[in-house]
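Worksheet for the structure shown next.
Ligands are counted one by one from 1 in listed order, and the atoms in each one are counted from 1 as well. The figures that follow rest on heavy atoms only: side chains count, while hydrogens, waters and symmetry mates do not.
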Amino acid sequence: MSASDEVGRPDAVVVGAGVIGLTTAVALAEAGLRVRVDADRPPPATTSAAAGATWGPFMIGPEDRVGAWAATSLAVFEELAAGPRETGVAVIEGTHQSLTPARPPRWAVSAGARPCAAAELRAGYTVGWRLRAPVVDMPRYLAWLERRLTRAGGRLRAHTYRSLAEAAHEAPVVVNCSGSGAATLVPDPGVTPVRGQVVVVRHGGALREFFVDETPDAPELVYAFPHGDTAVLGGTAQRGDATLEPSPALSEAILRRCQAVLPELRDAEAVGTRVGLRPAREEVRLETAEAAATGPNAGVLIHNYGHGGAGVTVSWGCAAEVLDLVKQGRSAPPAG
Ligand SMILES: Cc1cc2nc3c(=O)[nH]c(=O)nc-3n(C[C@H](O)[C@H](O)[C@H](O)COP(=O)(O)OP(=O)(O)OC[C@H]3O[C@@H](n4cnc5c(N)ncnc54)[C@H](O)[C@@H]3O)c2cc1C
């Protein structure tokens, strides 16, 4: 693909600097496009920075496309785990457990999950499955993605868009990766913020595996992801709540719930709280849309948003699909 002739004008603008926007921008930049990421919140202030995070579909659809995106991403994360200090990605063991009878989801079985022996179950849990899966230290990972983008010639700019038509003036290709911001930017009433709060603790190496409570219809989320000497403990899923201010009462409750299930965290010290808004939608919207502008600015508009509770899990698969759509869009004859 050839870069735009116009000096300084990007070939593609990606709106959004979360995991979806940055991964998409890396894929486009490494394919030879001049890419600029425009976002009103920088990577460390996005929802993506608040994620736990592990690989595994949650609150996302449709199942068939998600399965393929997740598989592509898993292969990439397994490679990135070779350099965990740099990338923030590690592949470790852990369990998903349920207080009531439950079966492992299909994605866990295909990732090699095996049933837990009775001795592996936490107090009160009746069933569980063990697997090796990527865990991602998100602030470190987003910083690494940003460096990878810069190395490929991409840039980041602080900018708030009021419409996608405005973005169409900036580049012939616009990719909308605005997460929960899509609710107003597109606008798309199908996007609902699902607030998540997590507590970061220092645990001195006491937590060696990840843990996820998978009890069907559980009223509260309980999970823990170790990242070296710290861990991310969760969580909450507050549908329709877009409050970014952390709640000390919720942090206290999260810590207590996790310590009750994982006694090795009894001396863990809370060192931070993060809040993010999962961009929930019935289905991820990943498609070429009608151009947001007409006339000379009518370029290619591709949406890539609505990844709910699994944006990290599907990020590389979605980025690869966007790249395919960009290639198709650029080779199509201009409209009119
Ligand atoms: C507590 C918590 C735990 C989670 N755990 C996991 C997990 O374990 N595994 C997993 O896969 N996923 C997890 N998720 C979900 C995951 O974090 C999201 O699916 C993902 O972050 C969505 O990424 P995104 O890039 O679409 O959105 P965001 O990270 O929200 O980024 C959106 C970007 O768009 C920009 N933007 C929006 N509107 C505009 C505008 N008008 N103009 C300019 N810029 C704009 C924002 O500034 C931001 O840069 C978790 C989420 C939370 C909250």
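Among all protein heavy atoms, the one lying closest to atom 16 (C) of ligand 1 is G311 N, 3.9 Å. Here the heavy atom of the protein found nearest to atom 30 (O) of ligand 1 is T47 CB, 3.3 Å. Counting only heavy atoms of the protein, atom 8 (O) of ligand 1 lies nearest to T54 N, 2.8 Å. Among protein heavy atoms, atom 44 (N) of ligand 1 sits closest to D40 N, 3.1 Å. Looking at atom 29 (O) of ligand 1, its nearest protein heavy atom turns out to be S48 OG, 2.5 Å. In terms of protein heavy atoms, atom 25 (O) of ligand 1 is closest to I20 N, 3.1 Å. Of all protein heavy atoms, the one lying nearest to atom 34 (O) of ligand 1 is G16 CA, 3.2 Å. Of the protein's heavy atoms, G309 O, 3.1 Å lies nearest to atom 12 (N) of ligand 1.
When each atom of ligand 1 is checked for a heavy atom of V312 under 4.0 Å away, the hits are 10 (C), 11 (O), 12 (N). For ligand 1 and A17, the ligand atoms under 4.0 Å from any heavy atom of the residue are 33 (C), 48 (C), 49 (O). Remark: ligand 1 atoms within the under-4.0 Å shell around heavy atoms of L185 are 41 (N). In summary, the atoms of ligand 1 found under 4.0 Å from a heavy atom of G181, numbered by their order in the structure, are 37 (C), 38 (N). The G52 neighbourhood of ligand 1 comprises atoms 3 (C), 4 (C), 5 (N), with distances under 4.0 Å to a heavy atom of that residue. Ligand 1 places these atoms under 4.0 Å from at least one heavy atom of C177: 32 (C), 33 (C), 34 (O). Every atom of ligand 1 is numbered from 1 in the order shown, and the set under 4.0 Å from a heavy atom of V198 is 1 (C). Ligand-side atoms of ligand 1 in range of G276: 53 (C), range being under 4.0 angstrom from any heavy atom.
In this structure, of G196, S178, A45, the residue bringing a heavy atom nearest to atom 32 (C) of ligand 1 is S178. Ranked by closest heavy atom to atom 15 (C) of ligand 1, the top entry among G308, A51, A49 is G308. The option with the heavy atom closest to atom 22 (C) of ligand 1, from among G179, G234, P279, is P279.
Ring to ring, H307 and Y305 are not that close: their centroids are 6.0 angstrom or more apart. Taking the six-membered ring for Trp and the full ring otherwise, Y223 and F58 have centroids separated by 6.0 Å or more.
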- Query: Can you check side-chain contact (heavy atoms from CB on, under 4.5 Å) on T243 and R195, steps first, answer last?
  - Reply: CA-CA 7 Å; T243 316; R195 184 182 185 278; 3.9 Å; yes

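The closest approach between any non-hydrogen atom of M59 and ligand 1 is not below 4.0 Å. Residue contacts with ligand 1: Y223 is included, with a non-hydrogen atom under 4.0 Å away. Residue contacts with ligand 1 leave out G235, since none of its heavy atoms falls under 4.0 Å from the ligand. Ligand 1 does not have S180 within reach: every non-hydrogen atom of the residue lies 4.0 Å or more from it.
Counting heavy-atom neighbours within 6.0 Å of R103 CZ, excluding the residue itself, gives a total of 12 or less. More than 12 heavy atoms of other residues, nucleotides or ligands lie within 6.0 Å of CZ in R157, so this atom counts as buried by the packing criterion. At most 12 heavy atoms of other shown residues, nucleotides or ligands fall within 6.0 angstrom of atom CZ in R202. Around CD of E282, the count of heavy atoms belonging to other residues, nucleotides or ligands within 6.0 Å does not exceed 12.
Closest approach of E30 and A152 over heavy atoms only: CG-CB, 3.8 Å. The shortest heavy-atom contact between A50 and V198 is O-CG2, 3.5 Å. When all heavy atoms are compared, the tightest approach of A111 to W55 is CB-CZ3, 3.8 Å. Residues D11 and G32 come closest through the heavy atom pair OD2-O, 4.4 Å. Smallest separation of non-hydrogen atoms from Q197 and S247: NE2-O, 2.8 Å. Listed here is the closest heavy atom pair of L142 and L22: O-CD1, 3.8 Å.
When only interatomic distances are considered, the shortest N/O to N/O separation between V194 and ligand 1 does not fall below 3.5 Å. Where the criterion is an N or O separation shorter than 3.5 Å, residue side chain and backbone included, R41 meets it with respect to ligand 1. Close N/O approach between R278 and ligand 1 is not found [any backbone or side-chain N/O within under 3.5 Å]. The shortest N/O to N/O separation between Y161 and ligand 1 falls below 3.5 Å. By the 3.5 Å distance cut-off applied to N or O atoms, F225 is not counted among the residues near ligand 1.
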Side-chain donor-acceptor contacts of residues 84-92 below 3.5 Å, not counting sequence neighbours, with atom names and distances?
| from | atom 1 | to | atom 2 | distance (Å) |
| --- | --- | --- | --- | --- |
| T87 | OG1 | L80 | O | 3.0 |
| T87 | OG1 | G83 | O | 3.1 |
| T87 | OG1 | V89 | N | 3.1 |

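In this structure, D213 has no salt bridge (charged side-chain N to carboxylate O under 4.0 Å, His left out) partners at least two apart in sequence or on a different chain.
Using modelled atom types, one side-chain atom of E120 and one backbone atom of A117 make a donor-acceptor pair closer than 3.5 Å.
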